[in-house]
Number of protein chains: 2
Amino acid sequence: MTKRTYICGLDAAITVMGGKWKGLILFSLGEEGPLRFGELRRAVPGISERMLILQLREMEASGLVHREVYHQVPPKVEYSLTEFGSSLNTALAPLGEWGEEHMERIEAIP
Amino acid sequence: MTKRTYICGLDAAITVMGGKWKGLILFSLGEEGPLRFGELRRAVPGISERMLILQLREMEASGLVHREVYHQVPPKVEYSLTEFGSSLNTALAPLGEWGEEHMERIEAIP
DNA sequence: TTCGGTACCCACACTTTTGTCAGTAGGAGT
DNA sequence: ACTCCTACTGACAAAAGTGTGGGTACCGAA
């Protein structure tokens with residue numbers, strides 16, 4: 001949130017995909033296409049409703065995801081990746097592969 | 001730090017490169033080769049000594065960086081990427097490029 | 001004897017992030 | 001009338017992250 005300019009591209013990228021969850025949300029939306037709130041919640045195990053909403057709001061504000069409201073009862077809201085979000089997702093792919101490859105080693109760290 | 005298994009590779013990767021700094025440290029070490037503590041501090045603008053040390057300790061424990069002590073006075077300690085750290089750095093490259101490409105858009109977000 | 005330079009460590013306080021547990025709207029089904 | 005369903009919202013507190021200002025050790029130089 002500091003108004004200064006980022007020191008490099010990686011810095012900027014890390015800022016937009018913030019904490020622990022945004023990457024996973026991006027990943028889920030990329031893999032499974034548009035998802036409604038409840039589906040997304042199930043797609044990202046361990047996240048609380050509150051966290052999911054907060055993250056989605058930020059990602060919407062960043063232009064990473066699109067929020068489509070269907071005026072129904074009970075309510076239905078669908079989240080999907082924008083072009084921007086999709087491009088981030090692509091850039092994130094190698095990182096995901098790296099994680100897969102070194103999964104055992106990473107799990108042994110704590 | 002939770003002992004459960006990660007839900008995907010991206011999850012695992014995000015865990016090892018933790019917060020805001022580890023990616024930048026990795027990047028600096030990758031670009032400028034082995035660096036001593038003070039040099040690293042200058043290479044990552046805005047980080048405090050305390051943070052740098054904490055992050056380096058964690059990264060050492062994760063096997064991402066190697067710490068080489070030279071028994072001199074005044075002290076000299078050099079940090080460098082391990083193979084493991086280097087591979088993460090490579091996987092991080094596309095993310096850095098993405099950030100560069102969309103820098104303006106990202107800066108306009110807050 | 002005092003000072004400079006390097007790489008740290010420690011205690012404390014503050015800020016940000018994350019979790020928990022309630023509660024709301026409003027039409028449909030019973 | 002009452003309950004169910006979904007997507008939220010809000011208050012509160014615990015946990016994690018981060019900054020600040022000090023201190024330590026060591027040896028050589030002045």
Side-chain angles (χ1 to χ4, degrees), chain A residues 1-4 6-7 11 14-26 28-29 32 34-62 65-80 109-110, chain B residues 1-4 6-7 11 14-26 28-29 32 34-62 65-80 109-110:
Chain A
M1 303 300 178
T2 42
K3 250 55 179 295
R4 68 168 168 90
Y6 302 105
I7 68 180
D11 188 16
I14 288 176
T15 300
V16 280
M17 44 163 292
K20 170 184 174 184
W21 300 112
K22 293 201 186 76
L24 298 175
I25 294 172
L26 242 4
S28 294
L29 287 176
E32 307 180 39
L35 293 175
R36 39 195 306 198
F37 184 79
E39 294 171 332
L40 205 41
R41 182 158 159 51
R42 264 166 265 132
V44 185
I47 196 171
S48 67
E49 289 195 350
R50 180 174 132 76
M51 263 308 110
L52 183 52
I53 293 175
L54 288 179
Q55 302 301 309
L56 284 171
R57 290 276 179 276
E58 284 180 30
M59 293 167 78
E60 212 191 325
S62 317
V65 305
H66 171 71
R67 179 170 180 265
E68 185 76 37
V69 180
Y70 297 82
H71 296 285
Q72 307 175 353
V73 171
K76 171 176 173 182
V77 179
E78 253 186 13
Y79 294 91
S80 55
I109 292 175
Chain B
M1 304 300 180
T2 42
K3 249 52 178 295
R4 69 170 166 89
Y6 302 103
I7 69 180
D11 188 16
I14 288 176
T15 300
V16 279
M17 44 162 290
K20 169 185 174 185
W21 300 113
K22 294 202 186 74
L24 298 176
I25 294 173
L26 242 4
S28 295
L29 288 177
E32 307 180 40
L35 293 175
R36 36 196 309 197
F37 184 79
E39 292 171 334
L40 204 41
R41 182 157 158 49
R42 264 166 266 135
V44 185
I47 196 171
S48 67
E49 289 195 351
R50 181 175 134 76
M51 264 308 110
L52 220 205
I53 294 175
L54 288 179
Q55 302 301 311
L56 284 171
R57 291 278 178 275
E58 284 180 29
M59 294 167 80
E60 212 191 325
S62 317
V65 305
H66 171 70
R67 178 169 181 268
E68 185 77 38
V69 181
Y70 296 82
H71 294 285
Q72 306 174 352
V73 170
K76 171 176 172 181
V77 180
E78 253 187 13
Y79 293 91
S80 55
I109 291 176

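Note that these values count all heavy atoms, side chains included, but never hydrogens, waters or copies made by symmetry. So that the names make sense, note that chain A is the first sequence line, chain B the second, and so on, each numbered from 1.
Applying the 4.0 Å criterion to OP1 and OP2 of D:dG19, one finds that B:Ser48 has a side-chain N or O inside that range.
Taking atom CG of A:Leu52 as the reference point, atom C1' of C:dT18 lies 13 Å away to the nearest angstrom. Summarising the geometry, the separation between CH2 on B:Trp21 and C1' on D:dA16 is reported as 16 Å, rounded to the nearest angstrom. The OH-C1' distance, from A:Tyr70 to D:dC5, rounds to 19 Å in whole Å. Rounded to an integer number of Å, the gap from NZ of A:Lys76 to P of D:dC8 is 13 Å. Between the CE atom of B:Met51 and the P atom of C:dT16 there is a distance of 14 Å, rounded to whole Å. Residue A:Leu40 contributes atom CG, which lies 15 Å from atom P of D:dT6 at whole-angstrom precision. Here the P atom of nucleotide D:dC8 and the CZ atom of A:Arg36 are 10 Å apart, to the nearest Å. As a whole-Å value, the separation of A:Gln55 CD from D:dC8 P is 15 Å.
The distance from atom CG of B:Leu56 to atom CZ of B:Arg41, rounded to the nearest 0.5 Å, is 12.0 Å. Between the OG1 atom in B:Thr15 and the NZ atom in B:Lys22 there is a gap of 9.5 Å [rounded to 0.5 Å]. For the atom pair A:Glu39 CD and A:Glu78 CD, the distance stands at 7.5 Å (nearest 0.5 Å). Rounding to the nearest 0.5 Å gives a distance of 9.5 Å between CG of A:Leu52 and CE of A:Met59. If you take CD1 on A:Ile109 and CD on B:Glu58, they are separated by 10.5 Å, rounding to the nearest 0.5 Å. Interatomic distance, NE2 of A:His66 versus CG of A:Leu29, reported as 12.0 Å (0.5 Å rounding).
The minimum heavy-atom distance linking B:Ala43 with B:Pro45 is given by the pair O-CD, 3.2 Å. Across all non-hydrogen atoms, the minimal contact from B:Phe37 to B:Glu49 is CZ-O, 4.0 Å. Across all non-hydrogen atoms, the minimal contact from B:Gly23 to A:Ile14 is CA-CD1, 4.1 Å. The two atoms that bring A:Val44 and A:Ser28 nearest to each other are CG2-OG, 3.7 Å, heavy atoms only.
The bend of the helix from C:dT1-D:dA30 to C:dT30-D:dA1, defined by the angle between the axes of its first five and last five pairs, stands at 30° to the nearest 10°.
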Check: protein-nucleotides 25-30 of chain D nitrogen or oxygen pairs below 3.5 Å:
none

If you restrict it to nitrogen or oxygen atoms, what contacts under 3.5 Å exist between nucleotides 8-10 of chain C and the protein, and what is each distance?
from: C:dC8; atom 1: OP1; to: B:Arg67; atom 2: NH2; distance (Å): 2.5
from: C:dC8; atom 1: OP2; to: B:Tyr79; atom 2: OH; distance (Å): 2.6
from: C:dC8; atom 1: O3'; to: B:Arg57; atom 2: NH2; distance (Å): 3.4
from: C:dC8; atom 1: N4; to: B:Glu49; atom 2: OE1; distance (Å): 2.8
from: C:dC9; atom 1: OP1; to: B:Arg57; atom 2: NH2; distance (Å): 3.2

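Panel note: side chain B:Arg36, backbone B:Pro75; a donor-acceptor pair is recorded below 3.5 Å.
At the heavy-atom level, B:Gly19 lies nowhere under 4.0 Å from the strands shown.
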